[in-house]
Amino acid sequence: PLFRSWRSKLRKEQRTIDRQVRGIQREEDKVKRSLKEAAKKGQNDVCRILAKEVVQSRRAVSKLYASKAQINSVMMSMQNQLATVRLSGSLQRSTDVMKSMNNLMKVPEIQQTMMELSKEMMKAGIMEEMMDDTFESALDDEGLDERSEER
């Protein structure tokens with residue numbers, strides 16, 4: 001809300017500057033026409049004064065454009081800072097979630113459970129190998145018995 005109000009005020013100032021520039025340019029056009037008429041009539045003093053007025057109006061327009069550029073720079077800087085604040089807020093929430101997950105997962109208990117499971121699986125693997133060896137030797141023995149009966 002605060003950022004939006006600042007941004008709207010800055011945009012309003014930019015529009016005001018644009019209106020001032022257009023007004024100055026309209027006056028400059030009028031002065032140019034008067035300058036041409038004075039030149040036709042041969043009024044050199046008037047021409048000099050009007051020419052100085054044209055130069056001053058152009059300087060004023062360039063200063064107004066510089067002001068508008070500075071306002072635009074301030075707006076962009078504000079947007080950049082807002083994005084940084086939003087990013088830091090997101091990172092903070094992410095950190096909080098990670099802390100919560102870390103608290104939910106009790107790592108030492110999980111590690112101990114995994115080690116016990118690994119030991120059990122290793123035992124089961126060894127037993128399975130022993131059973132396979134026993135079955136194979138039993139089958140080999142039956143094969144020998146069958147061969148001896150055939151003779």
Side chain to side chain, [X] and [Y], heavy atoms closer than 4.5 Å:
X     : Y     : result
Arg48 : Asp45 : yes
Arg19 : Arg22 : yes
Gln20 : Thr16 : yes
Ser57 : Val31 : no

inquiry  = Closer than 4.0 angstrom, basic N to acidic O: yes or no for Glu27 and Lys30?
reply    = yes
inquiry  = Salt bridge or not between Glu37 and Arg33? Use side-chain N to carboxylate O under 4.0 Å.
reply    = no
remark   = For Leu35 and Cys47, the nearest pair of non-hydrogen atoms, with its separation, is CD1-O, 3.2 Å
Quick one: [atom1] on [X] to [atom2] on [Y], what's the gap to the nearest 0.5 Å?
X      : Y      : atom1 : atom2 : result
Arg4   : Ser8   : CZ    : OG    : 10.5 Å
Glu120 : Glu116 : CD    : CD    : 8.0 Å
Tyr65  : Ser67  : OH    : OG    : 12.0 Å
Arg58  : Glu53  : CZ    : CD    : 12.5 Å
Leu117 : Met115 : CG    : CE    : 11.5 Å
Arg7   : Leu10  : CZ    : CG    : 10.0 Å

remark   = Residues passing the side-chain contact (heavy atoms from CB on, under 4.5 Å) test with Arg59, sequence neighbours excluded, are Val55
Shared hydrophobic cluster for Val54 and Val21 (ILVMFWY, side-chain gaps under 4.5 Å) = no
key: Connected via hydrophobic side-chain network under 4.5 Å: Ile24 and Leu50   = no
Show me, pair by pair, the donor-acceptor contacts under 3.5 angstrom made by side chains of residues 69-85, not counting sequence neighbours?
| unit_1 | atom_1 | unit_2 | atom_2 | d |
| --- | --- | --- | --- | --- |
| Thr84 | OG1 | Asn80 | O | 2.9 |

Gln112 atom CD: more than 12 heavy-atom contacts under 6.0 Å = no
request  = Check the pair Arg26 / Asp29 against salt bridge (charged side-chain N to carboxylate O under 4.0 Å, His left out), numbers first and verdict last.
outcome  = CA-CA 5 Å; Arg26 278 194 300 272; Asp29 289 340; over 6 Å; no
May I have the list of side-chain donor-acceptor pairs in residues 92-99 shorter than 3.5 Å, sequence neighbours left out?
| unit_1 | atom_1 | unit_2 | atom_2 | d |
| --- | --- | --- | --- | --- |
| Gln92 | NE2 | Asp96 | OD1 | 3.1 |
| Arg93 | NH2 | Ser90 | OG | 3.4 |
| Thr95 | OG1 | Leu91 | O | 2.8 |

